[in-house]
Protein chains: 2
Amino acid sequence: MPAPAPRADREPLSRARVLDAAVVLADAEGLGALTMRRLAGELRCEAMSLYHHVADKNALLDGLAEVVVGEIAEACLDPGATAGSLDWRDVVRRRCLAARTVMHRHPWAPGLIAARSQPPPTVYPLFEALVATMVEGGCGYPLAHRAIHSLGSMLLGFTQELFEPAVDDEQARDEAAQDLAPTMPHLAHLAEVAVHEARGSLGICDTQAEFEFTLRLILDGLEAHRITR
Amino acid sequence: MPAPAPRADREPLSRARVLDAAVVLADAEGLGALTMRRLAGELRCEAMSLYHHVADKNALLDGLAEVVVGEIAEACLDPGATAGSLDWRDVVRRRCLAARTVMHRHPWAPGLIAARSQPPPTVYPLFEALVATMVEGGCGYPLAHRAIHSLGSMLLGFTQELFEPAVDDEQARDEAAQDLAPTMPHLAHLAEVAVHEARGSLGICDTQAEFEFTLRLILDGLEAHRITR
DNA sequence: ACCTGAACACCGTTCAAGT
DNA sequence: ACCTGAACACCGTTCAAGT
């Protein structure tokens, strides 16, 4: 009696399976090779089947950014990455180094994240942890806020306008901050402080001021190196 | 007698005209709208005509990166941007701010530059000027080299592995440095020093070390702010 | 020399039809 | 509910043909 014929039915598709396959494909052949048809081929289905799990290609790329930033956040939050660290700088430093190793595995990530208009929500746990570390280390919320901006390119590979809200309605912003409170208490507090400080201005973050702050940080650090050489 | 019919012949195409139109189109509608056919439409010619001036779409994007980085370099080198500056930090700071205003006009630029594997040659005059300013300000070449890396994201919008040569042949690298000498004396010297320091290692730049250097610069700067608050 | 029409292989996406 | 075949409009690119 012959062995039962190998069953041709695959594991059913799902958003997670589609996104995982997209990451594998982008890693292997770059974002250029990531087409709906090609991705479907890797999953042994037709291109049209993907549309049951992602709205369109743009949503696929959004999901991809979400996954890769989630991976970065996970690596940064791994307790092993920061075990034995004493001061806040050491913890933050090791987290940035962990982020870098993930980015190294996905060289297409910075370009992808930069092309999205908003950072994916999977950054929030990472920012929350960083702000917590800094605040517990004796930094105030305004300084922690600036630090997140300054470290943006070390964490995600490029400088970004963060938290730039689609809403310029102050009350809506306040409510958004409240929504964060249960799970992201430090971020919620940081946002509250920022909303208060930015009263009357256009955005919650003054990107020009953030840019100049980071710039001075770097230049002053270089000057210190020059003097002590 | 009727007025002469309006002559339908346009200014002949050229690489410069193609690239200029590409910048205008990307500014107006984003990189996504930049297709060969659409670009041709803007230039009132057929898509195939573009292939006489750029090899293919990839070459078009290379050219676009070249143009926009050239624009950044020009803005940074404008004497008006740095008039009246006293110390090297002030000069470098103002140049970075000038770069930012250009980037603001072309929000697609960082993503585009990041996607290219090499920075376009139009960065060299900018780097040359920055190194010159720093060296004249009392910085050594190794520090100036690190500064270029640290300031990468302030100048071009993202962190980049710079000068990563396709060749890992030390002699070829030395020769490349010599080629720079007539027009870019400081960069040539910087490259020579880097080649010497990197003797036996894989690349001319230790990107891990550069990353950690920038990271420490930022963290130490933040710590200084924390202490004096 | 410079431009173009027709053609090819490949995109993303819609829709009506299958199970 | 989940998947798909056929179809549409659009993409980059080649090539032989025009001027």
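Please read all numbers here as calculations on a predicted model, not as lab measurements. Residue numbers begin at 1 in each chain, while the letters A, B, ... track the order of the sequences.
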Rounded distance (Å) that lies between atom C1' of dC11(C) and atom CG of Leu60(A): 14 Å

Could you tell me the separation between the CG atom of Leu13(A) and the P atom of dA1(D), rounded to a whole number of Å? 17 Å

Any strand, both distances under 3.5 Å, Watson-Crick or G-U wobble: dT19(D) pairs with dA1(C)

Rounding to an integer number of Å, can you tell me how far Met36(B) CE sits from dC11(C) P? 18 Å

Rounded to the nearest Å, what distance is computed from the CZ atom of residue Arg38(A) to the P atom of nucleotide dC10(C)? 12 Å

Need one value for Met48(B): base, sugar-phosphate or nothing, where a base atom within 4.0 Å counts as base even if backbone is also close, heavy atoms only. base

State whether Arg116(B) and Asp62(B) are salt-bridged, where the test is any N-O pair (Lys NZ or Arg NE/NH1/NH2 against Asp/Glu carboxylate O) under 4.0 Å. yes

On DNA chain D, nearest-nucleotide positions of Ala33(B) versus His53(A): which is more 5'? His53(A)

Starting from P on dC10(C), measure out to NZ on Lys57(A) and report it in whole angstrom. 15 Å

Separation of Arg15(B) atom CZ from dC2(C) atom P, in whole Å? 15 Å

Are the ring centres of Phe213(A) and His149(A) closer than 6.0 Å? no

Can you tell if the side chain of Ile72(B) reaches within under 4.5 Å of the side chain of Thr122(B), non-hydrogen atoms only? no

To the nearest Å, give me how far apart CG (Leu50(A)) and P (dG5(D)) are. 14 Å

Who pairs with dT14(D) - Watson-Crick or G-U, where each distance is under 3.5 Å: dA6(C)

Take His52(A) and Arg37(A), find for each the nucleotide of DNA chain D with the closest heavy atom, and name the residue whose nucleotide sits nearer the 5' end. His52(A)

Please check if the side chain of Ser150(B) supplies one atom and the backbone of Arg146(B) the other of a donor-acceptor pair under 3.5 Å. yes

Closest listed nucleotide, where the reference is the side chain of Glu46(A) and the choices are dG12(C), dT13(D), dG5(D): dG5(D)

Taking the side chain of Thr35(B) as its heavy atoms from C-beta onward, which of dC3(C), dG12(D), dG12(C) lies nearest to it? dG12(D)

At under 4.0 Å, does any side-chain N or O of Tyr51(A) touch on OP1 or OP2 of dT13(C)? yes

Compare the minimum distances between each of dT4(D), dA7(D), dG5(C) and the side chain of Ser49(A), then state the nucleotide with the smallest one. dT4(D)

Side chain Glu66(B), main chain Pro120(B), donor-acceptor under 3.5 Å: no

